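Residues take their numbers from the sequence shown, with the count starting at 1. As a basis for the values below, the full set of heavy atoms in this structure was taken, side chains included, without hydrogen atoms, waters or symmetry mates. Predicted model only: the values in this text are computed from it and were never measured.
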Amino acid sequence: QVQLVESGGGLVQAGGSLRLSCVASGRAFSVYAMHWFRQAPGKEREFVAGISASGGRTIYADSAKGRFTISRDNAKNTVALQMNSLNFADTAEYFCAARPWGTPSTSSRDMVYWGKGTLITVSS
């Protein structure tokens with residue numbers, strides 16, 4: 001069993017930056033591929049970024065490429081999402097998710113553990 005707790009959300013102006021963090025409790029964090037998904041009001045949950053268990057491979061949604069960076073610290077059981085150049089379309093609830101295999105996936109159906117989310121609101 002893995003519990004995931006996100007933090008770092010809030011209100012930010014367009015063009016600004018935020019850094020999200022997700023802390024995992026439980027055993028064997030280093031064998032999980034970790035991910036960030038988001039869900040805007042009235043829309044389906046969508047993939048944002050993923051990182052392999054070792055941290056050696058990262059994948060991004062097209063909307064995140066060049067602006068967001070996912071990273072992890074297996075010694076601290078944490079995964080982070082650095083978000084730059086935020087725009088209104090980035091407004092959403094952001095969720096941390098874990099997949100108990102080493103390679104990341106873009107599909108929410110492959111995730112086994114989810115956090116409760118942290119809200120980001122980008123203002124104009």
Establish, from distance only, whether the side-chain atoms of N74 and S30 form a donor-acceptor pair under 3.5 Å.
no

If only atom types and distance count, is the side chain of T118 paired as donor or acceptor with the main-chain N or O of G9 below 3.5 Å?
yes

Taking it one step at a time, do T103 and R99 satisfy side-chain hydrogen bond (donor to acceptor under 3.5 Å, both in side chains)?
CA-CA 8 Å; T103 55; R99 177 172 187 255; 3.3 Å; yes

Got a second to check how far E93's CD is from Q39's CD, nearest 0.5 Å?
8.5 Å

Before giving the answer on side chain to side chain contact (heavy atoms under 4.5 Å, CB included), spell out for C96 and M34 the whole-Å C-alpha distance, their side-chain angles and the decisive distance to 0.1 Å.
CA-CA 7 Å; C96 178; M34 298 299 297; 3.5 Å; yes

Verify same cluster id: W114, V79 (apolar side-chain graph, 4.5 Å)
no

Identified side-chain contact (heavy atoms from CB on, under 4.5 Å) counterpart of M83 within the set I120, V122, D90
I120

Distance in Å, L18 CG paired with L81 CG, rounded so as to fall on 0.5 Å steps:
9.5 Å

Does a side-chain heavy-atom distance below 4.5 Å link Q82 with S17?
yes

side-chain hydrogen bond (donor to acceptor under 3.5 Å, both in side chains) for T78 and D73? Distances and angles first, verdict last.
CA-CA 5 Å; T78 59; D73 185 337; 5.0 Å; no

Check V48 against A64 and note the closest heavy-atom contact, atom names and distance.
O-CB, 3.8 Å

Looking at OG of S7 and CG of L20, how far apart are the two atoms once the value is rounded to the nearest 0.5 Å?
8.0 Å

With sequence neighbours left out, write down each residue that passes ring pair (Phe, Tyr, Trp, His ring centres under 6.0 Å) with F47, or none if nothing qualifies.
F37

For I51, does its backbone N or O pair with a side-chain atom of H35 as donor and acceptor, under 3.5 Å?
no

Just so I know, are the side chains of W36 and F68 near enough to count as touching, which here means a heavy-atom distance under 4.5 Å?
no

Decide yes or no for M111 and S105: does some side-chain heavy atom of the first lie under 4.5 Å from some side-chain heavy atom of the second?
yes

Name each donor-acceptor pair under 3.5 Å that joins a side chain in residues 53-60 to protein atoms two or more places apart or in another chain, with its distance.
unit_1, atom_1, unit_2, atom_2, d
S54, OG, G56, N, 3.2
Y60, OH, I70, N, 2.9

Output for pair (E46 CD, S63 OG), nearest 0.5 Å, gives 5.5 Å

In terms of heavy-atom contacts, R19 and A80 come closest through NH2-CB, 3.5 Å

Test question: given the 4.5 Å side-chain rule for I, L, V, M, F, W and Y, name all other residues clustered with V5, or answer none.
none

Minimum heavy-atom separation for G102 to A33, with atom names?
O-CB, 3.7 Å

Nearest 0.5 Å please: distance from the CG atom of L119 over to the CZ atom of R38.
12.5 Å

Would R45 pass as a cation-pi partner of F95, given that its NZ or CZ must be under 6.0 Å from the six-membered ring centre and within 45 degrees of the axis?
yes

Point-to-point distance, once rounded to the nearest 0.5 Å, from CG of L11 to OG of S123:
4.5 Å

Using the rule that two of Ile, Leu, Val, Met, Phe, Trp, Tyr join whenever any of their side-chain heavy atoms come within less than 4.5 Å, decide whether F29 and V23 are in one cluster.
no

